Amino acid sequence: MFVAINGGGEVGSFLARTLHAKGHAVSLIDARPEVMQRLADELPTDVLLVEGEGCDVRTLEEAGVDRADVFASVTPRDEDNLVACRLAREAFGVRRVVARVNSPRNEPTFQALGIEAISSSTVIGRLIEEHLSVGDIVRLSTLRRGNAAIVEVEVPEGPGSAAGRTVADLRLPDGIVLVAILRGDELVIPRGPSALAAGDRVMAVTIAGREEQLARTLRGYGSGAVRRDRVAAGS
Amino acid sequence: MHLIIVGCGRVGSALALAGTLAGDDVVVIDTDSRAFRKLGTGFNGLTLRGTGLDQGELREAGIERCDAFVAATDSDSVNMMAAEIAARIFRVPRVVARLYDPSHERSMRALGLAYVNDAAVSMNAIRASLDGGAQTEDRREIA
């Protein structure tokens with residue numbers, strides 16, 4: 001695969017090194033001569049270094065963007081990332097275009113213009129949220145940029161618990177699908193008549209925001225109050 | 001006409017004043033509130049501190065009901081991004097970007113944006129006044 005990168009700072013040079021080590025062809029653009037000089041010493045010699053602005057069509061040409069499978073723009077300036085990515089798409093027809101977004105407020109703009117946007121503040125925020133919910137709901141994986149998740153919930157004993165009920169009895173709403181029940185060493189693929197037991201760990205795919213509903217159904221109470229307590233204690 | 005101008009430098013401020021004189025509703029946006037001093041007392045539009053790139057901020061400036069949008073900062077990437085937001089997200093009927101550095105002309109064209117090439121406009125005007133027999137004194141001054 002050939003990846004063209006705009007921005008030779010911490011993020012860009014790390015990305016170039018990592019992708020090169022994995023056997024990909026890489027070109028790297030930066031307008032600062034002193035940065036280019038340093039990168040020429042630091043990076044493997046077959047990384048193509050191009051000095052120029054990513055928002056200049058000629059620079060993109062020199063960096064071979066017309067042949068790139070992926071274009072990534074990772075400078076600290078959102079306007080430069082947006083313009084470079086739009087050019088990669090519009091002038092060079094690159095199919096996969098990824099941008100670093102520095103201000104989370106610009107994220108909707110990148111998305112509206114068809115650019116995959118990665119905002120570190122948004123990602124960190126999500127990770128913190130996932131961490132906070134451990135205990136009631138364990139988020140195993142986030143799908144489709146946080147719009148869905150695979151979660152794990154333990155069925156407790158006591159009143160309100162789903163223990164003893166069948167999957168069909170739970171009347172789960174749209175947007176929640178149970179995919180597996182872990183019971184000791186056993187793995188049960190849940191069907192309507194499968195009964196739940198206390199201590200079961202239930203894995204489900206949910207669309208964003210339905211985790212609470214799943215927790216309430218299986219545990220008899222939501223995790224919201226607990227989660228808020230933890231946030232307060234942590235702050 | 002409801003006109004939004006991003007960038008209150010020499011071009012943006014002069015354009016804002018001209019808009020006021022023509023009876024337009026003008027909103028000028030700049031990151032530096034000191035830039036608004038250039039508008040003087042003759043300006044009766046609104047000033048807004050901001051980047052001109054934030055959708056919430058642009059809504060505040062009335063972009064949803066605006067007739068024309070001008071991106072006139074001294075950064076071509078800011079001008080291109082602002083113009084793209086105005087033209088493609090808010091579908092403003094008339095959007096013009098200032099081309100500050102002529103080496104970005106191909107980029108403006110590749111994005112399909114309407115632009116005015118600052119340097120070329122003044123170069124052509126100067127050339128025309130040289131060729132068009134401007135007064136001798138003027139010629140001496142230029143030379």
Side-chain angles (χ1 to χ4, degrees), chain A residues 4 6-7 9 29-32 50-63 65-66 68 71 73-94 97 99-115 117 119 121-122, chain B residues 4 6-7 9 29-32 48-61 63-64 69-92 95 97-115 117 119:
Chain A
N6 177 37
I29 299 167
D30 199 292
R32 298 163 295 178
V50 179
E51 193 178 309
E53 291 176 299
C55 58
D56 185 335
V57 176
R58 271 167 310 182
T59 313
L60 298 176
E61 261 166 12
E62 278 177 53
V65 172
D66 54 330
F71 180 79
S73 189
V74 294
T75 79
R77 286 167 310 279
D78 286 347
E79 60 271 22
D80 289 348
N81 293 338
L82 183 109
V83 172
C85 284
R86 289 278 297 144
L87 288 171
R89 166 77 46 79
E90 295 294 315
F92 298 97
V94 180
V97 168
R100 167 188 179 188
V101 179
N102 301 279
S103 162
R105 297 201 300 182
N106 288 330
E107 216 176 323
T109 296
F110 280 77
Q111 273 156 9
L113 295 172
I115 299 161
S119 148
S121 359
T122 309
Chain B
I4 296 177
V6 178
I29 304 174
D30 201 291
T31 45
D32 183 0
L48 205 67
R49 234 192 101 214
T51 57
L53 303 176
D54 182 85
Q55 290 190 37
E57 182 188 282
L58 289 169
R59 280 196 191 92
E60 215 178 296
I63 195 164
E64 281 151 321
F69 183 97
V70 180
T73 76
D74 56 9
S75 157
D76 284 328
S77 349
V78 169
N79 292 346
M80 286 190 261
M81 178 167 172
E84 287 248 291
I85 294 170
R88 309 207 196 289
I89 298 176
F90 292 103
R91 312 235 166 250
V92 175
V95 176
R98 172 194 192 185
L99 174 66
Y100 190 75
D101 176 351
S103 70
H104 296 139
E105 186 161 14
R106 279 182 66 197
S107 304
M108 287 272 186
R109 245 187 267 152
L111 295 179
L113 296 169
Y115 61 91
N117 184 338

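Proteins get letters first, then strands, A, B, ... in listed order; numbering begins at 1 in each. No experiment lies behind these values; they were computed from the predicted model shown.
Remark: A:Phe92 CZ is packed, more than 12 non-hydrogen atoms of other residues, nucleotides or ligands lying under 6.0 Å away.
Going from atom CZ of A:Arg105 over to atom OG1 of B:Thr51 covers 7.0 Å, rounded to the nearest 0.5 Å.
Residue A:Leu82 touches chain B through its side chain alone, counting heavy-atom pairs closer than 4.5 Å. Using a 4.5 Å cut-off between heavy atoms, B:Leu53 touches chain A through backbone and side chain atoms alike. With a 4.5 Å cut-off on non-hydrogen atoms, A:Asn106 touches chain B through its side chain but not through its backbone.
In terms of heavy-atom pairs under 4.5 Å with chain A, the best-connected choice from B:Asp54, B:Asp76, B:Asp101 is B:Asp54. Across A:Glu90, A:Glu53, A:Arg89, A:Arg77, the residue that shares the most heavy-atom pairs under 4.5 angstrom with chain B is A:Glu53.
Applying the salt bridge (charged side-chain N to carboxylate O under 4.0 Å, His left out) criterion to A:Arg100, with sequence neighbours excluded, gives no partner residue.
The closest side-chain heavy-atom distance from A:Thr109 to B:Met81 is below 4.5 Å.
Scanning all heavy atoms of the two residues, the minimum distance from B:Met80 to A:Cys55 falls at CE-O, 4.3 Å.
Contact residues of residues 105-112 of chain B toward chain A are B:Arg106, B:Ser107, B:Ala110, B:Leu111 (heavy-atom distance under 4.5 Å).
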